[in-house]
There are 2 protein chains.
Amino acid sequence: MARARQERAEITRQSILDGAAIAFDRFGFGAASLSDVVKHAGVTKGALYFHFQSKEALARTLMDEQFQVSEGVPAIEEPGLQTVIDLTHQMAHGLRSSVRIRAAIRLVLEFGSFTNPDPTPYNTWIDTAFGCLKPAQDRGDVLPSLDLYDLSTFLVGSFTGIQVTSHVRTGRGDLHTRIVDLWNFLLPGIVPADRLPRFDPAGSPACRAELGLTTTPDSVAVAVG
Amino acid sequence: MARARQERAEITRQSILDGAAIAFDRFGFGAASLSDVVKHAGVTKGALYFHFQSKEALARTLMDEQFQVSEGVPAIEEPGLQTVIDLTHQMAHGLRSSVRIRAAIRLVLEFGSFTNPDPTPYNTWIDTAFGCLKPAQDRGDVLPSLDLYDLSTFLVGSFTGIQVTSHVRTGRGDLHTRIVDLWNFLLPGIVPADRLPRFDPAGSPACRAELGLTTTPDSVAVAVG
């Protein structure tokens with residue numbers, strides 16, 4: 001009985017987060033109202049307040065969720081440069097397919113960058129990238145002269161802007177292709193020449209299979225079922 | 001007499017834009033009110049409405065101003081790869097020193113990317129970069145295999161995110177250093193090896209002199225008076 005109640009509570013909580021994601025993705029933190037959240041979630045205001053104390057609490061929960069993307073990457077147990085490449089495609093896929101990821105990233109950019117600047121999400125991604133690049137450099141896949149923390153900081157900043165630009169210019173339709181470009185332009189400057197063939201800017205075969213991506217020489221497309 | 005009136009009108013108009021920049025930089029488009037603008041501008045609401053019909057008209061004027069940055073770059077008459085490098089440092093300097101540039105970029109990101117998506121500012125910068133990279137590629141400074149439109153799109157996206165990340169993490173204190181990183185990581189992948197020594201990731205001497213930048217091997221600092 002207690003278990004069934006707990007499960008119902010979790011379903012309600014997830015419905016609220018789905019509703020909040022729709023509202024934040026569409027209107028942003030400032031303009032989204034708790035009435036919007038309740039409407040899209042299909043719950044009562046009482047249920048909403050039982051689970052979340054404020055609009056900010058909803059926003060923080062959604063922003064924290066983005067890091068679950070990195071859990072889906074194959075071979076994260078043996079991380080390396082290809083893991084970082086795959087992570088960028090995973091995140092791109094999340095932005096294209098999940099309103100919860102889209103809401104999280106809009107919140108990080110609007111609420112977490114301007115309204116209430118908080119470096120935590122950026123620093124968490126920088127640490128994740130660093131954790132993959134360190135073993136990569138140790139095994140000779142990344143040039144020994146490079147500062148990996150600076151490289152990780154560059155990657156997170158660059159990805160952040162590339163997805164904004166792709167969102168505005170193409171509704172994120174070209175996002176995977178823009179990420180392939182990032183890696184094509186960048187890899188020769190960070191990988192020893194003889195190691196370059198080991199890395200695929202379009203994502204590893206396992207990553208592409210998981211995300212349903214097909215590749216052509218110049219671009220990546222989402223496979224049509 | 002008419003001329004004096006015209007000059008007074010222009011001074012008032014600039015005061016309004018200064019006040020609007022302070023309000024938008026601090027509160028964002030959604031939260032900034034015309035009362036904030038009037039307060040920071042030191043003008044009457046009547047004067048404000050004489051010059052600008054709406055908050056959106058103010059925002060659009062400020063967003064358009066960002067392109068004036070490219071007018072200050074030396075040697076724009078003979079553009080090339082170094083011109084693009086210098087432009088990124090000019091823009092970084094503008095973000096650090098001018099509330100009007102800061103307001104413009106916050107508006108582009110918040111208002112122009114989410115509230116009312118408009119690719120124009122991004123496309124204008126992409127075209128500017130392309131216009132510099134085309135002659136660079138023609139004279140052999142950029143690898144002939146590269147698609148310059150894709151490269152320009154990458155640069156604009158990457159810069160956009162790097163400045164957001166630098167803003168959140170360091171109040172833009174490390175922005176010039178992060179841009180030096182961008183070019184250090186990128187140049188080997190886009191420039192033939194024998195041409196690399198021709199380009200300075202920290203900006204040309206003329207650019208650094210104009211912006212008052214001093215360089216150390218690993219970073220760029222703003223010279224202290």
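So that the names make sense, note that chain A is the first sequence line, chain B the second, and so on, each numbered from 1.
Using a 4.5 Å cut-off between heavy atoms, Leu146(A) touches chain B through its side chain atoms alone. Within the 4.5 angstrom heavy-atom criterion, atoms from both the backbone and the side chain of Phe185(B) approach chain A. Proximity to chain B (any heavy atom under 4.5 Å) is shown, for Leu182(A), by both the backbone and the side chain. Proximity to chain B (any heavy atom under 4.5 Å) is shown, for Asp174(A), by neither the backbone nor the side chain. When heavy atoms are compared at a cutoff of 4.5 Å, Leu187(B) does not approach chain A at all.
Ion pairing of Arg106(A) with Asp25(A) is absent here, as no side-chain N (NZ or NE/NH1/NH2) approaches a carboxylate O to less than 4.0 Å. Ion pairing between a basic and an acidic side chain is recognised when a charged N comes within 4.0 Å of a carboxylate O; Arg60(B) and Asp64(B) show no such pairing.
Chain A forms more heavy-atom pairs under 4.5 Å with one residue of Thr153(B), Ile190(B), Val156(B), Leu151(B) than with any other, namely Leu151(B). With chain A as partner, the option from Val168(B), Leu186(B), Thr165(B), Thr160(B) having the largest number of non-hydrogen pairs under 4.5 angstrom is Val168(B). The candidate from Ala31(A), Gly28(A), Gly171(A), Ser158(A) with the greatest count of non-hydrogen atom pairs under 4.5 Å with chain B is Ser158(A).
Counting only heavy atoms from C-beta outward, the side chains of Pro192(B) and Arg195(B) approach each other to under 4.5 Å. Between Leu48(B) and Leu58(B) the shortest side-chain heavy-atom distance falls below 4.5 Å. Between Thr170(B) and Arg178(B), the closest side-chain pair of non-hydrogen atoms is not below 4.5 Å.
Separating the NE2 atom in His89(A) from the CH2 atom in Trp183(A) is a distance of 8.5 Å, to the nearest 0.5 Å.
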